[in-house]
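Let me begin by presenting the structure, written as structure tokens, before commenting on it.
In listed order, ligands and their atoms are each counted from 1.
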Amino acid sequence: MQRAFHIEDSHRSIVAESTLSKVIDYVSKSGEVTPYLVMDSEKIAEKASTIGKKIRNSIVFYAVKANPDIEVLRLINKLGLGFEIASEGELQILSDLGVSPERIISSNPLKTLKFLKLATSYGVNYFSYDSHSEVDKLSKYAPGSNVYIRLSVPNEGSEWPLSKKFGVEMDDAVELLINARDRGLNPVGVTFHVGSQCTNAYSWHMALDKTKDLWDIAAQNGIKLSMINIGGGYPIRYKKNVVDIATIDKDIDKIIYREFPSDTRIFIEPGRAVVGDSGIFVATVIGKARRADEDWLYIDVGVFNGLMESVGGIKYSYIFENNVKKKIWTLAGPSCDSFDVIETGVELPDPDIGSYVLILSGGAYTISYASEFNGFSIPKTILI
Ligand SMILES: *Cc1c(COP(=O)(O)O)cnc(C)c1O
């Protein structure tokens, strides 16, 4: 039975027509039980071919944590991207897929010993760091490896900031580069992360200015750097339009070729932008209730089994079946925990119980965050 969804103009600016129609077709024909995540392989391929296209001398390493589904990784591997990993679990999947170690880097500045040993024995040879204790670890368990320093940069333009946990300021960065060299490591470059879902193209500009300062001070200390890892952070559309990747990349390319030697290698580590807008969650409306002047709408995917990022402020777009009058809702997931509230004060239709809802841009940081809390299983990922 072909299901009829009420698609509004605002939805069409969020999701590609081709992705939406493929997913609706799949939902109508398959007997799959909700909730599940459908990923459009063509959209992933399109994104993979866009990112870094405008940056000369660049290599793209997909940040596996955004979506580590094996079929998604198999596709990304076929598309020729490299991978950025942080754990033995992520390494294991890549090893199962036969990905060669030259195509893998690890930019987690604090690696567990277990992971570091496994990654090194697999042949991974590019690691980030931002502390002296990590230099100790790397010089002991990954001697001679290529290392790059994580610089802290402003995360203001980002909806999912990362800068507080990682990164060092200039003086520490210089000291750490010198220490790495003195300990027999090969300090090759600088990395930063402007924050995930960064909607301000100027953030990369500021980060590159800071990188340039460090680059020059390193040279004065006899360390010739040759690589810049510009991290991830490219935004996707959730509710509103965002600056597009080609615009960000052209800007980055311009700055790099003005400020750095022309043979500088550029690493890029996008996660969200590769897979986020390829994915649509399919969920079912399981209940409605009125409590203390609030209308509550319950669906079978929530904070614990897929929509964790809603807690950090990511606001999704929803497409319901049928065209029904709208109301202001508190939208919640299926578990018995009061933390399981996806969004409050959101204007959505008044759907029938048992009808479906499509949650757009659900391909990144959803299933990878999901737990089986309260016995709700982790939703399946289906690549079409
Ligand atoms: C998570 C992460 C990324 C990917 O970030 P996105 O915002 O998803 O593009 C890249 N590099 C590092 C080190 C990360 O931790």
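Below 4.0 Å from some heavy atom of Ser107 lie the following atoms of ligand 1, by number and element: 13 (C). Atoms of ligand 1 found under 4.0 Å from any heavy atom of Arg150, numbered from 1 in the order shown, are 13 (C). Close approach to Gly232 involves these atoms of ligand 1, each under 4.0 Å from a residue heavy atom: 5 (O), 9 (O), 10 (C). Counting atoms of ligand 1 from 1 in the listed order, those under 4.0 Å from a heavy atom of Gly271 are 4 (C), 6 (P), 8 (O), 9 (O). Atoms of ligand 1 lying under 4.0 Å from any heavy atom of Ser196, numbered from 1 in the order shown and given with element: 6 (P), 7 (O), 8 (O). Less than 4.0 angstrom separates some heavy atom of Arg272 from each of these atoms of ligand 1: 6 (P), 8 (O), 9 (O).
The shortest heavy-atom distance from Pro270 to ligand 1 is under 4.0 Å. Using 4.0 Å as the threshold, Gly233 has a heavy atom nearer than that to some atom of ligand 1. Residue contacts with ligand 1 include Tyr365, since one or more of its heavy atoms lies under 4.0 Å from the ligand.
The backbone N or O of Asp295 lies less than 3.5 Å from no partner atom in the side chain of Trp329, so there is not a single donor-acceptor pair.
Under the salt bridge (Lys or Arg N to Asp or Glu O under 4.0 Å) criterion, the residue pairs touching residues 22-41 are Lys22-Asp40, Lys22-Glu42, Asp25-Lys29, Glu32-Lys380, with sequence neighbours excluded.
In this structure, Arg103 is not positioned above the aromatic face of Phe83 in the sense of NZ or CZ being under 6.0 Å from the six-membered ring centre and within 45° of the axis. Remark: Arg150 is not positioned above the aromatic ring of Tyr129, lacking an NZ or CZ atom under 6.0 angstrom from the ring centre and at most 45 degrees off the axis.
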Kindly list each side-chain donor-acceptor pair under 3.5 angstrom involving residues 201-208, sequence neighbours excluded, with atom names and distances?
residue : atom : partner : partner atom : Å
Ser203  : OG   : Asn200  : O            : 3.3

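Considering backbone and side-chain N/O atoms, Lys65 comes within less than 3.5 Å of an N/O atom of ligand 1.
The aromatic rings of Phe61 and Phe267 are tilted relative to each other, their planes meeting at an angle between 30° and 60°. Classification of the Trp215-Phe260 ring pair by plane angle, with boundaries at 30° and 60°, yields perpendicular. The aromatic rings of Tyr148 and Tyr126 sit tilted relative to each other, their planes meeting at an angle between 30° and 60°.
By heavy-atom distance, the residue among Glu84, Lys165, Gln197, Glu269 lying nearest atom 11 (N) of ligand 1 is Glu269.
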